[in-house]
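Quick note on labels: first sequence line is chain A, next is B, and so on, each numbered from 1. Remember, it's a predicted structure, so these values are computed and weren't measured experimentally.
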Amino acid sequence: MTAGFDYREAGTAGATSSVALSHLSVELAHLFPEDLAEDALTRYFARVTPWVETTAALARSRAAKARISTCVLVVDHADGSGRPRDVIPRIQEAAKHSGFAVDYLARESALTGGPAREVFDHIVPEPHPGTTGVRPLLDANGWLCTGKRSPTAGGAPAMSGAEWQPPVQTGARHAIFIDAELRDSADGSWSVTLLRAVWQLLRLGLLRPADARLTAPEPVGTLPETWPELPPVVRLTERPGPLCAYQSFSVLPSRFLEVEVAADLIMSMVRLAPEVDDQVVRRAGMEGITLPAEPQDRISHAFLATDPP
Amino acid sequence: MTRTEHMLAFGEVHTALLRNSRPLSGHSAAELLDLTSGETVRRSQRPISRAISADRWEGVDCRMPSSRGGHPRGVGTLGWHAIVTGGHVTQCSTHAGLVAAESTRRRPWSHYLATPGRIELIGKYRPDEIADGLLRDGTDPAVLDLGAITTRGLDAVQRDGRLDQLAPLNAPGTALRWVAYLGAETLTGRFTLESERFRTLRLTVPGQDLPAVVRLGEDLALHDWLLTTLTAIVDAALTGGHSRAEQLRRLRPAFEHLAHLWMPGAQVDEELMPVWDALDRRAGFSRQWAATVTRVRDHLLLAATPDWA
């Protein structure tokens, strides 16, 4: 071993960025265009109220001065999503009618660029027994599954004698096989499932996208005519708790049940920068909160039965 | 052999000429290797420009190669990254460390994701038999296929649309597979030219610095490829009974594109440099390189000089 002279080149890797964290982030709604009608919004928020009150009370029972923030996610990149100038006051008014406020509003399209790519790139799919490395696990067409697909599903011609083989869930005796589309193979667009995983990871402070406005929202200012003019996430109230939080709670219509299960599957196979998770866990620890090791275990849900028409 | 003191690690490095007519700038190489959104491509400038992609992980669950008898089951992830050196040569390097599993059952995927680049072996095994099995260029479809993962990584780089697919010379790729016992008493090594395109390296290494071993493998693979490629081109040009003009036409690109890339040991940690020294002493890597380069240079020089005859 020679001593003395050492040569180095400075790496370009930066220090782990930091975000402000609440104790609890409450997602009040994931709003599609059809949910944006005034009476539908009012009815929906009325049903959400008891859940918000209960989860906030639980958070306060664990930490006397719990920081709690509320948010909604708006599907702004679909036809009929209206103008922010009309839609946002309508959402605020409907919430106010039920006695609470929406602190943050996020545009779903803001998740479709870098953040979605980042989560997708960090998926390490769980290998089914017999995976030798010959085939890539995450197919080029962007499907992720919980096991092994049925090899003859839909493929074998009638009377060919090929016996149907069931799909198999890795590590389970009785399989619940899930095959989730992450991106459209034709146009490359991200699935609602992947975007839900991105949104949940973002709210848990585990995703630190290049656009800091996603984790540190700005005040809304004058409401614009079109969605792209609006920042990716806007703050609608004065001095709310931070958007990101140690734990999150989402109230959603029951039609989101499968989407959330699949988003959970994605999160269980994502390996994001471990130092970011360490940072969040350490800061929670300093406030006396022990976080579950798995990000998806920091998320709670309430699924509401669909309203009669 | 106890697990805490010794660890068997293994990897494979594929080396090839980048499919582009001109060398890439350091910046373009870094763009090409930006395979994972949100992660930094490492770059260094001295003594040669080099860019390395962030590590990506691939899950496997399969029988491990073994020279005899039982093939234990290995579950975990392998890491791989791609490299561009001097804007001209590209490599894909895979690696993993092997440890004995603590139980005979497969654990939840999160357990393996927490320690990427590690494969846990379920069942009894003898490290020597695994090492021998890994170094055999086998074709058993049921066992781990290190070559397939490495090939796929290299293809991902070579097929990038930003490359013009016009390599300046015909230079087949090479594969180096290595195994290393970390935590050994002394540093020993054996480099074997198994076939025209397949080499093996067997090491025992004091200490536990797996990344250093990975870098050594990459450096040896790069220089073995350079030497193999240059000597093949020179031999073909000078022994084929070609006209002098034809000889020059064949020699020039090899000399222009490869000669300056010889930087033995540039990426190798001080502790592992004795491996290079021994290779130079026994196999004469640097002497053969110098002799070949001198031969070509003399030839080009003579060709440019007036004929005195």
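The part of A:Glu294 that comes within reach of chain B is its side chain, from C-beta onward, which places non-hydrogen atoms under 4.5 angstrom from that chain. Contacts of B:Arg73 with chain A are made by side-chain atoms alone, with heavy-atom separations under 4.5 Å and no backbone atom involved. For chain B, the nearby parts of A:Pro129 are the backbone and the side chain; heavy atoms of each come within less than 4.5 Å. Neither the backbone nor the side chain of A:Val119 comes within contact range of chain B, judged by heavy atoms closer than 4.5 Å.
How far CZ of A:Arg117 is from OG1 of B:Thr36: 9.0 Å, rounded to the nearest 0.5 Å. Atom OG in B:Ser110 sits 11.5 Å away from atom CZ in A:Arg271 (nearest 0.5 Å).
Using a 4.5 Å cut-off on side-chain heavy atoms (C-beta onward), B:Arg106 and A:Thr170 make contact. The closest side-chain heavy-atom distance from A:Thr131 to B:Cys62 is not below 4.5 Å.
Contact annotation for residues 189-205 of chain A against chain B (heavy-atom separation below 4.5 Å): no residues qualify.
Across all their heavy atoms, B:Leu113 and A:Val124 have their closest contact at CD2-CB, 3.6 Å. When all heavy atoms of B:Ala148 and A:Gly133 are compared, the closest pair comes out as CB-O, 3.7 Å.
Between the side chain of A:Arg208 and the main chain of B:Gly38, no donor-acceptor pair closer than 3.5 Å is present.
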